[in-house]
Participant: 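One structure follows; several queries about it will come next.
Atoms within a ligand are numbered from 1 in the order they appear, just like the ligands themselves. This is a predicted model, so every value here is computed, not measured.
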Amino acid sequence: MSKRDFYEVLGVSRDASERDIKKAYKRLAMKYHPDKNPGDESATDKFKEVKLAYEILTDAQKRAAYDQYGHAAFEQGGMGGGGGFGGGNADFSDIFGDVFGDIFGGGGRRGGQARAQRGADLRYNMELTLEEAVRGVNKEIDVPTYVSCDPCSGSGAKPGTSPQTCGTCHGQGQVQMRQGFFAVQQACPTCHGRGKIIKDPCDSCHGQGRVQKTKTLSVKIPAGVDTGDRIRLTGEGEAGEYGAPAGDLYVQVHVRDHHIFTRDGNNLYCEVPVSFTMAALGGEVEVPTLDGRVSLKVPTETQTGRMFRMRGKGVQSVRGGGLGDLICKLVVETPVNLSSKQKELLREFEESLGGSAAKKHKPKSEGFFDGVKKFFDDLTS
Ligand SMILES: [Zn+2]
Ligand SMILES: [Zn+2]
């Protein structure tokens, strides 16, 4: 697969709008389309390159990943892939219903043959725990959908018979109507644009070529996905009518909140409570990571809110890049449910900090109260 810059491929600027990109794509796709350049390998390659650039730059998420990481975002294991796109995916069919539908007209008509409509794409919302998202997981999902009818192999015609070519349009799906000087293409009224007539419909699907069914799929979620990632399962959407190609299934990932960790990109964050004695004297505290506990050294005189970075204890994103870090925020905990003895000790302790030496034990207070005083002085002056 080529490494040319996607913006360059489409000849648009990096801040091009989706409309500009679509426009550029239409122009180039028309130029290099295999139907227009029969036997020309380089045109086919160009076409694929243009198509890939278009697919990525019109998907907000992929475009953002591309802007940030370049082609690396889509290499091996990249981009919540699931075989969605990238090398080797030379399937032209999926865009005909999309952009080519309105270029060539007639609902994706191509090469003089009527084409039944491709099945609908489906979206499945999948909730994952943070652990599942970070490590990857195989999930079985039940998807209510349409599947190709078995007895008639999707043709819609009773087994043993086959659909007949429509006599009115001779299989074109379109007929020419004259209106004054103009010849206008219209969907064939006999076959409703399908090009075929089913005389003897299949009993199972009543001539639809597909039946409703809940199918169970095993979905491999790659390690490192995050909320908003989408995995495309090509051809696992609804079966089309009359044997038309199936749509795709998009698995939309949503990661549930975790009771300890918050994720931001490749980094994980957590709060670790420490007693104020430990914060003052230093010590060691156990902190959780996704692979078990590790020990964190708390330096003496640690203030609340101080962050500690545990390198490499974060997440490896599905988009590649380095392994993230775990960032622990130490929070000094105020003791509760104190006995009168304990309270007495604290008062005694507080007194021991008092007097003219108080400031040296309270590094934040001094600056803070000076600031407060200045604030009120400024207000009243
Ligand atoms: Zn017809
Ligand atoms: Zn059938």
Participant: Has D226 got a side-chain atom pairing as donor or acceptor with V134's backbone, closer than 3.5 angstrom?
Facilitator: no

Participant: Which residues pass the ring-ring contact (aromatic ring centres under 6.0 Å, His included) test with Y250, not counting sequence neighbours?
Facilitator: none

Participant: Listing by chain and number, what protein N/O/S atoms are under 2.8 Å from the Zn ion (ligand 1)?
Facilitator: C166 SG, C169 SG, C188 SG, C191 SG

Participant: Suppose we only count N/O/S atoms under 2.8 Å; would C202 qualify as near the Zn ion (ligand 2)?
Facilitator: yes

Participant: Any carboxylate oxygen within less than 4.0 angstrom of a Lys/Arg side-chain nitrogen, looking at D248 and R118?
Facilitator: yes

Participant: Tell me if the aromatic rings of F261 and Y269 count as close, with their centers under 6.0 Å from one another.
Facilitator: no

Participant: Does the D59 side chain pair with the main chain of K62, one donor and one acceptor, at a distance under 3.5 Å?
Facilitator: yes

Participant: For D20, check salt bridge (charged side-chain N to carboxylate O under 4.0 Å, His left out) against everything at least two apart and list the hits.
Facilitator: none

Participant: Where the Zn ion (ligand 2) is the centre, what is the SG-to-SG angle for C205 and C149, rounded to 10°?
Facilitator: 110°

Participant: Quick one: salt bridge (charged side-chain N to carboxylate O under 4.0 Å, His left out) partners of E284, sequence neighbours excluded?
Facilitator: none

